[in-house]
Q: 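There's a structure below that I have some questions on.
Please read these numbers as outputs of a predicted model, since none were measured by experiment. Count residues from 1 along the sequence. Atoms within a ligand are numbered from 1 in the order they appear, just like the ligands themselves.
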Amino acid sequence: MFNSKIVAFSKYVPEKIVTNNDLSEIVDTSDEWIFSRTGIKERRVSTSENTSEVCAKAAEASIIKAGVSPDEIELIITATMTPDYSSPSTACIIQKLIGAKKAVSFDLSAACSGFVFALCAADKFIKTGAFKNALVIGGEVTSKVIDWSDRGTCVLFGDGAGACVIKQGKGGGIIAEDLHSDGERFDSLTSLYTPVNNPYHKEGGEGFNRLTMDGREIFNFATRKVPESIAAVLQKANISSEDIKYIVPHQANSRIVEIISRKMKIPMDKFFMNMDRYGNTSAASIPIALAELSDMGLIKEKDKLIITGFGGGLTWGSAIIEL
Ligand code: COA
């Protein structure tokens, strides 16, 4: 068995910044309401690029950092809930955009937990020796599925992508993981419903692509399940939170992170947060945060990090990464 060493993190976010005050011109809201309940100040919104394009920019930066040429990439997994098309996969379009001609490419759908699930999936391909390297991407253009007239959701989300390259290596890599789904509560967060509509059956009702969410339900679920999942990976790795340099949670809401910190008696400065600048970028939020930690020089070889995601599905999960 090999280990999968993570060698480069990168991010890309669209240029356009939309502040809370900008949103107060579209819906009945305020900077004070949004910031006090979520910790979000502003987010990026795509004015032209679709998901494959934001992902390709993060991916290109990541393979350059990793010193790998595009045609050496063997596997691309893209986590997204806002694909350009339902077919082809966003990963196949990224493959074309970055010239990774030999890569096996597919998407993985696990909403805001998508990057954690995708990294753990790629890790298995590397560990078994099926592939020598992989490009793992989390990317979204959530702005195309947001209901811009719903103040309960449109203030929360943002666009962007993060990527990393993993390679076969010795030591480190993903040293513990804990992944879960609960389909019983699938309707707590939905987008893009396509009804059965053919000459033999009319399901009735329209399809929709707009995101719907039971915010309170998601809040309660996250504050209950994320602490359990962090505790589970620490136990599996047989280490304590003091051995962890940073916990990188899905960047949905700073109040959720504060509750997790309080419940677990882990100080807030161990949790990396940047939702003030990007909002909730769904599957992109964790890799964007990892890229920022790396760019700011806050993490180095041998550091252990916990990444922990939660979202639609419902899905949630954590992993401990040793750099
Ligand atoms: N601006 C002003 N008022 C708003 C508003 C906004 N953007 N959005 C909702 N409100 C109003 C509601 O209409 C409600 O008004 P009412 O009492 O007159 O009916 C009031 O604020 C309280 O709404 P509520 O939904 O109870 O607020 P909350 O404290 O639960 O906060 C969320 C709402 C969405 C911020 C919070 O539930 C949350 O963050 N949930 C998790 C969402 C999440 O992270 N989703 C992604 C998971 S991957």
Side-chain angles (χ1 to χ4, degrees), residues 18-43 45 79-82 108-118 138-143 145-160 162 179-183 185-192 210-227 229 248-261 271 273-276 278-289 307-318:
V18 175
T19 65
N20 292 345
N21 284 330
D22 294 333
L23 288 179
S24 69
E25 290 167 17
I26 302 179
V27 287
D28 181 13
T29 190
S30 65
D31 177 49
E32 193 282 322
W33 193 97
I34 302 169
F35 185 67
S36 65
R37 281 175 178 74
T38 69
I40 298 167
K41 276 285 196 195
E42 58 188 42
R43 71 286 293 140
V45 174
T80 185
M81 64 167 196
T82 52
L108 184 149
S109 170
C112 304
S113 312
F115 182 78
V116 180
F117 280 40
E140 309 278 7
V141 175
T142 62
S143 57
V145 301
I146 293 304
D147 178 351
W148 287 93
S149 65
D150 174 12
R151 66 179 181 171
T153 52
C154 76
V155 302
L156 303 177
F157 293 90
D159 300 338
L179 307 179
H180 299 273
S181 309
D182 176 8
R185 289 185 284 167
F186 80 92
D187 55 0
S188 305
L189 200 162
T190 62
S191 78
L192 185 54
R210 295 301 178 212
L211 184 142
T212 68
M213 182 185 73
D214 181 340
R216 197 44 77 84
E217 163 89 9
I218 298 281
F219 193 99
N220 293 338
F221 141 72
T223 51
R224 219 173 28 250
K225 290 299 182 188
V226 174
S229 183
V248 181
H250 169 47
Q251 306 286 312
N253 183 319
S254 59
R255 282 166 63 214
I256 292 179
V257 180
E258 280 157 18
I259 293 172
I260 296 167
S261 153
F271 292 84
M273 295 203 290
N274 62 9
M275 72 277 278
D276 57 326
Y278 303 118
N280 177 349
T281 55
S282 183
S285 86
I286 291 173
I288 289 175
I307 56 173
T308 184
F310 58 88
L314 297 173
T315 54
W316 67 102
S318 309

Q: Does the N or O separation between Asn280 and ligand 1 drop below 3.5 Å for any pair?
A: no
Q: Determine whether any protein heavy atom is located less than 4.0 Å from atom 10 (N) of ligand 1.
A: yes
Q: For atom 14 (C) of ligand 1, is there a protein heavy atom at a distance under 4.0 Å?
A: no
Q: Could you please spell out the steps behind the side-chain hydrogen bond (donor to acceptor under 3.5 Å, both in side chains) verdict for Asn21 and Ser24?
A: CA-CA 5 Å; Asn21 284 330; Ser24 69; 4.5 Å; no
Q: Polar contacts were defined as any N/O atom of the residue lying under 3.5 Å from an N/O atom of the ligand; does this apply to Asn253 and ligand 1?
A: yes
Q: Measure the acute angle between the ring planes of Trp316 and His180, then classify it against the limits of 30° and 60° as parallel, tilted or perpendicular.
A: parallel
Q: Considering only the protein, which heavy-atom contact is closest to atom 32 (C) of ligand 1, and what is its distance?
A: Trp33 CH2, 4.6 Å
Q: Is there a protein heavy atom at a distance of less than 4.0 Å from atom 30 (O) of ligand 1?
A: yes
Q: Any atom of ligand 1 sitting under 4.0 Å from a heavy atom of Asp28?
A: yes
Q: Are side-chain heavy atoms of Thr281 and Ile288 found at a separation under 4.5 Å?
A: yes
Q: If you count the atoms of ligand 1 from 1 in the order shown, which ones are under 4.0 Å from a heavy atom of Ile218?
A: 43 (C), 45 (N), 47 (C)
Q: Please indicate whether any nitrogen or oxygen in Thr29 is less than 3.5 Å from any nitrogen or oxygen in ligand 1.
A: yes
Q: Would a 4.5 Å heavy-atom cut-off, applied to side chains only, mark Phe157 and Val145 as touching?
A: no
Q: Can a protein heavy atom be found under 4.0 Å away from atom 19 (O) of ligand 1?
A: no
Q: Under the criterion side-chain contact (heavy atoms from CB on, under 4.5 Å), which of Glu140, His250, Arg43 is the partner of Asn280?
A: His250
Q: I need the atoms of ligand 1 closer than 4.0 Å to a non-hydrogen atom of Gly152, numbered in the order shown.
A: 8 (N)
